[in-house]
Amino acid sequence: MGEVKYELSYLPMFYDDLEERVTYIADVLLDEKSANDLLDAVEAAILQRLPNAESFEPYHSLKERRYPYYRIYVKNYTIYYVVIPKTEDTKIMEVRRILHNLQDRDRHI
């Protein structure tokens, strides 16, 4: 069995979450630089995690799930993703949500 390769996938809900946060920072807080910095940091963190998506402790959810959630911490936010088998040597890292650390994560994921 060879090395596992990970493909990257995003749920529309992740894009909605991210857009909401970036828009709030840029339009309400009037800090476009911080909004762009958040986008850059999120992208970099996800791409850095991709080659080793399952090498981190899974998030212990209150709900029973088919695929365990994993977390990536970026500034005041947490990115949640799952790893889904595709073929024998390929898996999909599916990014599902980005939540502010003060949000009730058990309600949102």
Side-chain angles (χ1 to χ4, degrees):
M1 192 162 154
E3 184 176 321
V4 174
K5 294 184 180 170
Y6 295 96
E7 295 177 2
L8 188 56
S9 172
Y10 297 90
L11 287 186
M13 192 179 317
F14 170 78
Y15 288 122
D16 293 344
D17 289 344
L18 186 59
E19 180 180 17
E20 181 181 317
R21 277 121 190 97
V22 169
T23 300
Y24 177 81
I25 294 167
D27 295 346
V28 176
L29 300 180
L30 302 174
D31 192 348
E32 195 169 312
K33 181 183 180 330
S34 290
N36 286 324
D37 289 348
L38 177 61
L39 279 174
D40 291 344
V42 166
E43 180 182 34
I46 291 169
L47 293 176
Q48 183 178 9
R49 177 67 61 94
L50 183 61
N52 303 299
E54 294 176 285
S55 297
F56 297 84
E57 179 184 5
Y59 169 68
H60 300 288
S61 175
L62 296 177
K63 299 175 187 173
E64 188 172 326
R65 302 183 183 281
R66 182 172 181 184
Y67 305 110
Y69 274 76
Y70 294 88
R71 296 173 288 194
I72 305 171
Y73 299 104
V74 178
K75 301 187 181 223
N76 293 328
Y77 299 90
T78 305
I79 300 165
Y80 294 90
Y81 69 91
V82 297
V83 177
I84 302 168
K86 182 176 179 183
T87 65
E88 187 176 309
D89 59 350
T90 305
K91 296 182 180 184
I92 299 169
M93 178 179 157
E94 183 178 82
V95 182
R96 294 190 168 181
R97 300 296 307 256
I98 179 170
L99 303 175
H100 191 278
N101 290 339
L102 296 178
Q103 285 182 272
D104 181 2
R105 63 184 169 253
D106 292 323
R107 192 182 83 155
H108 292 285
I109 59 168

Got more than 12 heavy atoms from elsewhere within 6.0 Å of [atom1], [X]?
X     : atom1 : answer
Glu19 : CD    : no
Tyr24 : OH    : no
Glu43 : CD    : no

Measuring from [X]:[atom1] to [Y]:[atom2], what's the distance to the nearest 0.5 Å?
X     : Y     : atom1 : atom2 : answer
Lys86 : Ser9  : NZ    : OG    : 9.5 Å
Tyr10 : Ile46 : OH    : CD1   : 4.0 Å
Lys33 : Asp40 : NZ    : CG    : 9.0 Å
Glu94 : Tyr6  : CD    : OH    : 14.5 Å
Thr23 : Leu18 : OG1   : CG    : 9.0 Å
Arg96 : Leu11 : CZ    : CG    : 5.5 Å

Check: Hey, quick one: are Tyr73 and Phe56 part of the same hydrophobic cluster, counting side-chain heavy atoms closer than 4.5 Å, chains of contacts allowed?
Finding: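 Looking at the clustering, Phe56 is in a separate group from Tyr73.
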
Closest non-hydrogen atom pair between [X] and [Y], with its separation:
X     : Y     : answer
Tyr80 : Tyr69 : CB-CD2, 3.5 Å
Pro51 : Gln48 : CD-O, 3.4 Å
Arg71 : Tyr59 : NH1-CD1, 3.3 Å
Ala53 : Val83 : CB-CG2, 3.9 Å

Check: Would Leu38 and Tyr77 count as a side chain to side chain contact (heavy atoms under 4.5 Å, CB included) if you check the C-alpha gap in whole Å, the side-chain angles of each, and the deciding distance to 0.1 Å?
Finding: CA-CA 9 Å; Leu38 177 61; Tyr77 299 90; 3.8 Å; yes

Note to self: Show, in sequence, the C-alpha distance, side-chain angles and deciding distance for Ile79 and Phe14, and conclude whether the side chain to side chain contact (heavy atoms under 4.5 Å, CB included) test is met.
What the structure shows: CA-CA 9 Å; Ile79 300 165; Phe14 170 78; 4.3 Å; yes

Checking the side chain of [X] only, and the main-chain atoms of [Y] only, is there a donor and an acceptor separated by less than 3.5 Å?
X     : Y     : answer
Asp17 : Ile98 : yes
Asn52 : Ser55 : no
Asp31 : Ile25 : no

Margin query: For Thr90, give me all partners under side-chain hydrogen bond (donor to acceptor under 3.5 Å, both in side chains), at least two apart in sequence or on another chain.
Written below: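 Checked Thr90 against side-chain hydrogen bond (donor to acceptor under 3.5 Å, both in side chains); matches are Thr87.
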
Next item on the list: Show the numbers, then the answer: is there a side chain to side chain contact (heavy atoms under 4.5 Å, CB included) between Val82 and Arg65?
Entry: CA-CA 10 Å; Val82 297; Arg65 302 183 183 281; over 6 Å; no

Next item on the list: Report the C-alpha distance between Arg49 and Tyr81 in whole Å, list the side-chain angles of each, state the deciding distance to 0.1 Å, and finish with yes or no for side chain to side chain donor-acceptor pair (under 3.5 Å).
Entry: CA-CA 11 Å; Arg49 177 67 61 94; Tyr81 69 91; 2.9 Å; yes

Check: Leu39 and Asn36: side chain to side chain contact (heavy atoms under 4.5 Å, CB included), yes or no, with the steps?
Finding: CA-CA 5 Å; Leu39 279 174; Asn36 286 324; 4.3 Å; yes

Next item on the list: Quickly, which of Glu3, Glu7, Glu54 forms a salt bridge (Lys or Arg N to Asp or Glu O under 4.0 Å) with Lys91? Name it, please.
Entry: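 The passing option is Glu54.
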
